[in-house]
Structure formats: C-alpha cells, structure tokens
Amino acid sequence: LMGMRDEFWEARDWVRDQLDHDHVGMVSVFETTIRSLGGLLAAYDWSADPAFLDRAEDLGSRLAEAFSSPSGLPFGQVHLGKACCAHNPSWSKGPAILSEVGTLQLEFRSLARATGKPEYARRAERVFEVLDTIMPEDGLMPLRVQMNGIQTPIFSGREISLGAMGDSIYEYMLKIWLQGGRKEPMYRAMYDRSMQGVHDELLKRSSPAGLAYFADLKYGGIEPKMDHLACFMGGLLALGAHSDPLGMDGPRARRDLETAKAVTYTCYQMYARTEVGISSEYVEFVGGDDFKVPSRAPHYLLRPEAVESFFILHQVTGDPIYREWGWEVFQSIERYCRTKFGYGHLRDVRRPSAGPDDQMESFFLAETLKYLYLLFDPDSEVDVLSKHVFNTEAHPTRIFDS
Ligand code: DMJ
C-alpha cells in the first residue's frame, strides 16, 4: 500500500521460512484471527504469493478447533501448537465474549475462498445463524454469551456496549454482507435492526454542547460513558449509509450518515479538548461540562478508531475537515508518543511529562498509521467504498465480486 516492496518481500521470506505455529501455546482465537490470520490473508490477496496462503491455512486449520462447541459458537482460546483444548478463558468466568464470537467471519470466509474449502466459511457463518435466532428484538446483544455444554446459547447479564467486548460484532454484520457482494440479506437485516436499536436506546447528547455519543447500558440503566473503541461507529454508519439497499438518499441512510458525522465530531473533541490533543481510553459525560477524562482510564493505547472514522467519512463525503482532524491527531501522536525506536502508549493524557510507556500494540501499525496514511493518499489502490473490505484490524481484502 505504501510502495515498500523490498520490505514486503523480505517479510514474505520470513513468513515462508520462519513463521511456525507448532511451538505456540494457548492463544486468543479472536486476537490471533484478526491480527495474524487476517494479516496473512490480506497479504495473499494483494500479492498472490503462495507462502502467505500456506501459512494462513496452517494457522486457520488450528484456530478452527475453536468451533468445536455443541452450538458451534467458538471458544475464546485454543492451544495453537497442538490444535486442541479449546475453552473459554477463566477471566470471562465461563461465558463467551460477544465481540469475540462474531469477529472471525471475514477471515474464515476469505480462507475458505482462497483454499477452496467451504467448511471454514460454514463454521464461521454458523455463529451468525445462531446469533440471529437469539438476538433480542431491538438488535442490541448483551456482552456475554453462555455456551458451555449447550445446544442453544443464551445471553447472560444485561450489559450492552458499542465499546469493549461488543464493538466489532456490529462491524462484522455489515462487512460480511459487503464481503459477499451484498447477496446475503440476513447479515444486512441484522445490521439494520441493531442500528435502529442503537438510535433508539444508546444515542445520547451531552450538555451543554449537545455532542452526540453512544452510552453503555448496565443493568437496564444508562451509563453515560463512551469508550474510544466505540469511535469506529462513525465510519461503520457512514459505510452502511453509503451501501444502503434503500438508497443513500433515503431516510435511514440520511439518519445514519448524520449520526456518523456527529459522533465522529465528538471523537475528534475527545482529542482536541485535552491539553496534549490525545484521547483517553474512555470519557464520562457529565452534565454542564460535556465530558471529562476519568481518573480510572486516562491512558491512550495508540488506538485507531477515531482516525478510522476520519478515513471512511473522508471517502464517503469528500469533506476536507477529516484530513484536518487527522493531521492534528497525527502531530499529537508524533509529539507525545514517539520514542527512539517506535511509539509508546501514553499513561495519562493529562500528564504527558511522564513520557510514553515501553509498549506498542501491533494495531498501531496495522490500523492507526495505515488509516492515517490512507487518509492522505490521493491515489491509493484501496477502494473501501466498492472493491475492498477491511477486517477489524484494517487488513483489506477484495470483496468476492470484484
Ligand atoms: C483492534 O484490535 C480491533 O479494531 C478490535 O476490533 C478492537 N480494537 C482494537 C484496537 O483498538
């Protein structure tokens, strides 16, 4: 994407000669699928180099062990080296995590298509068939799903969020539909139903500025906070409006695009209103002051969701304001997160003098910098509006029709 061909082939050699899944222990199925499997499949899609597909299938066949539950819902962890022992991690206290069960489908469908083995797709798609039968009327699903030893999973608890543990399931409803050439109406219907629920129950306004945000629901009540993670919703709603089968000028698409712009503006404010120009992990909406940085989570993990929405909204609307915002965010990251050998998390956006931590998630390269780069690239081959679909880790592959 950046024309760094020598580096790309060097990485291909490493993947071909050194990437080994035999000596790896327990891994998160979700993280390994979106980061590693998604990365290998996108590299294969862009280069057609068989080394990437070979390693992707080796990895995918091991991860597919996760689908061995009675209902077909995936367990959260597998032993990669032995391709066995799938179970949910103890921290989740038994149930599966909503976003984790519903964020594997783009990757396994790509794998099925590239290998000619439809079983990979069938197992991942089964998850959405099950979820469709148990999804609440308003399309908003609780964050935990009880699945151990039972044929029909049941939601447990009443926590609902577009941030941590919920986010990407809504992203995949739309993106699976786009990936398949818009021919599988069940996914689009689930997405539209959920977005109705989002507008009816989660969309709120701050005071005094009237900033739009998505609240969490906890035990039936509103929790007026929004995770940085939920900032992906601006881009998602814009993409959904642009592809709406009822037309981009219809009332539903207009509603969604308006919400997309409004919430993305709030996400920009989450950066612009701190002294360092960088957002905290979440913000709390407090009457009279719009929002504040909570003392429990004042950190910034180099997350991508705000700039992801800037990129997609720029593609959909052509409005140069998204480049202005992206440039501001980029400059703040350069100023406060850059270290001698990379970039680091900020411990506290209110106290930048401590400097960045010695940690950099892979999504900073895969997502944050990629979205920023693409936001400013006037002639990229990436076509997010008609040709490509990005998995949740920003690895682009062609939609099946193109
Ligand atoms: C990424 O790993 C993915 O976007 C995931 O869906 C949730 N967010 C992180 C980065 O913040």
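We number each residue from 1, following the sequence as shown. All heavy atoms count here, side chains included; hydrogens, waters and symmetry mates do not. Small disclaimer: the values here were computed from a predicted structure and weren't measured.
- A salt bridge does not link Arg252 with Asp256: every distance from a Lys NZ or Arg NE/NH1/NH2 to an Asp or Glu carboxylate oxygen is 4.0 Å or more.
- Taking the six-membered ring for Trp and the full ring otherwise, Phe376 and His314 have centroids separated by 6.0 Å or more.
- Between Phe311 and Tyr371, the ring-plane angle classifies as tilted under the 30° and 60° cut-offs.
- The pair Glu258-Arg255 does not count as a salt bridge, with every side-chain nitrogen at least 4.0 angstrom from each carboxylate oxygen.
- Look at Glu284 and Arg296 and you find no salt bridge, because none of the NZ, NE, NH1 or NH2 atoms lies under 4.0 Å from a carboxylate O.
- Of all non-hydrogen atoms in Ser362 and Glu393, the two that sit nearest each other are OG-OE2, 4.3 Å.
- For the pair Thr264 (side chain) and Lys261 (backbone), a donor-acceptor distance under 3.5 Å is absent.
- With respect to Glu281 and Arg303, a salt bridge is recorded, a charged nitrogen being found less than 4.0 Å from a carboxylate O.
- No side-chain heavy atom of Glu100 sits less than 4.5 Å from a side-chain heavy atom of Val29.
- Counting heavy atoms from C-beta on, the side chains of Leu203 and Val263 come closer than 4.5 Å.
- In this structure, a donor-acceptor pair under 3.5 Å is present between the side chains of Arg273 and Gln269.
- Although no hydrogens or angles enter the test, the distance criterion places a donor-acceptor pair under 3.5 Å between the side chain of His87 and the main chain of Cys85.
- Salt bridge Asp22/Arg62: present, at least one basic N to carboxylate O contact under 4.0 Å.
- Annotation: Lys292, atom NZ; neighbour count of heavy atoms from other residues, nucleotides and ligands within 6.0 Å is above 12.
- Using a distance-only test at 3.5 Å, with no hydrogens or angles considered, a donor-acceptor pair links the side chain of Asp290 to the main chain of Ala209.
- For Asn391 (side chain) and Ile34 (main-chain N/O), a donor-acceptor pair under 3.5 Å exists by modelled atom type.
- In Glu137, the CD atom is not crowded: 12 or fewer heavy atoms of neighbouring residues, nucleotides or ligands sit closer than 6.0 Å.
- Annotation: Arg350, atom CZ; neighbour count of heavy atoms from other residues, nucleotides and ligands within 6.0 Å is above 12.
- A tilted orientation is assigned to the rings of Phe364 and Tyr343, their planes being inclined by 30° to 60°.
- Between Asp401 and Arg182 there is no salt bridge, since none of the side-chain N atoms of the basic residue sits less than 4.0 Å from a carboxylate O of the acidic one.
- Considering only heavy atoms from C-beta on, Met233 comes within 4.5 Å of Phe214 through its side chain.
- Annotation: side chain of Pro298 is in contact with side chain of Val293 (closest heavy-atom distance under 4.5 Å).
- Judged by distance alone, the side chains of Thr392 and Glu171 do bring a donor and an acceptor atom under 3.5 Å apart.
- Under the 3.5 Å distance criterion, the side-chain polar atoms of Arg144 are left unmatched by any main-chain donor or acceptor of Met165.
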For this session: Please lay out, stage by stage, how Met2 and Tyr373 fare under the test side-chain contact (heavy atoms from CB on, under 4.5 Å).
Result: CA-CA 8 Å; Met2 302 173 82; Tyr373 180 83; 3.7 Å; yes
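- Side-chain atoms of Asp357 never come within 3.5 Å of backbone atoms of His345 as a donor-acceptor pair (strictly under, hydrogens ignored).
- Two residues are said to be in side-chain contact when any heavy atoms from C-beta on lie closer than 4.5 Å; Gln196 and Asp138 fail this criterion.
- There is no side-chain donor-acceptor pair under 3.5 Å between Gln179 and Tyr172.
- Closest of all the heavy-atom pairs between Ala238 and Leu313 is CB-CD2, 3.9 Å.
- In this structure, Cys267 and Ala306 approach most closely via the heavy-atom pair CB-CB, 4.3 Å.
- Note that Arg123 lies outside the cation-pi zone of Phe108, set by a 6.0 Å cut-off to the ring centre and a 45° limit from the axis.
- When atom types are taken as modelled, the side chain of Arg158 and the backbone of Gly221 share no donor-acceptor pair closer than 3.5 angstrom.
- Checking side-chain atoms of Asn88 against main-chain N and O of Gly76 turns up a donor-acceptor pair under 3.5 Å.
- The backbone N or O of Ala394 lies less than 3.5 Å from a partner atom in the side chain of Lys370, making a donor-acceptor pair.
- Ser207 places a side-chain N or O within donor-acceptor distance of the main-chain N or O of Gly288, the cut-off being under 3.5 Å.
- The side-chain heavy atoms of Leu19 and Leu40, taken from C-beta on, include a pair separated by under 4.5 Å.
- Ser243 and Arg188 are linked by a side-chain donor-acceptor pair at a separation below 3.5 angstrom, with hydrogens and angles left out of the test.
- Using a 4.5 Å cut-off on side-chain heavy atoms (C-beta onward), Arg335 and Pro352 make no contact.
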For this session: Apply the test ring-ring contact (aromatic ring centres under 6.0 Å, His included) to residues His388 and Trp46: give CA-CA distance (whole Å), side-chain angles for both, the deciding distance (0.1 Å), then the verdict.
Result: CA-CA 11 Å; His388 297 107; Trp46 283 83; 4.9 Å; yes
For this session: Please report the C-alpha distance between Val283 and Tyr213 in whole Å, then the side-chain angles of each, then the deciding distance to 0.1 Å, and finally whether the side-chain contact (heavy atoms from CB on, under 4.5 Å) criterion is met.
Result: CA-CA 10 Å; Val283 292; Tyr213 71 97; over 6 Å; no
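- The OG atom of Ser47 sits 5.0 Å away from the CH2 atom of Trp9 when rounded to the nearest 0.5 Å.
- A perpendicular orientation is assigned to the rings of Trp325 and Tyr322, their planes being inclined by more than 60° (bins at 30° and 60°).
- Met173 and Tyr187 make their closest contact through O-CB, 3.3 Å (heavy atoms, listed as atom of the first residue, atom of the second, distance).
- Inter-residue side-chain proximity for Ile169 and Phe128 is flagged as met; some heavy-atom pair is nearer than 4.5 Å.
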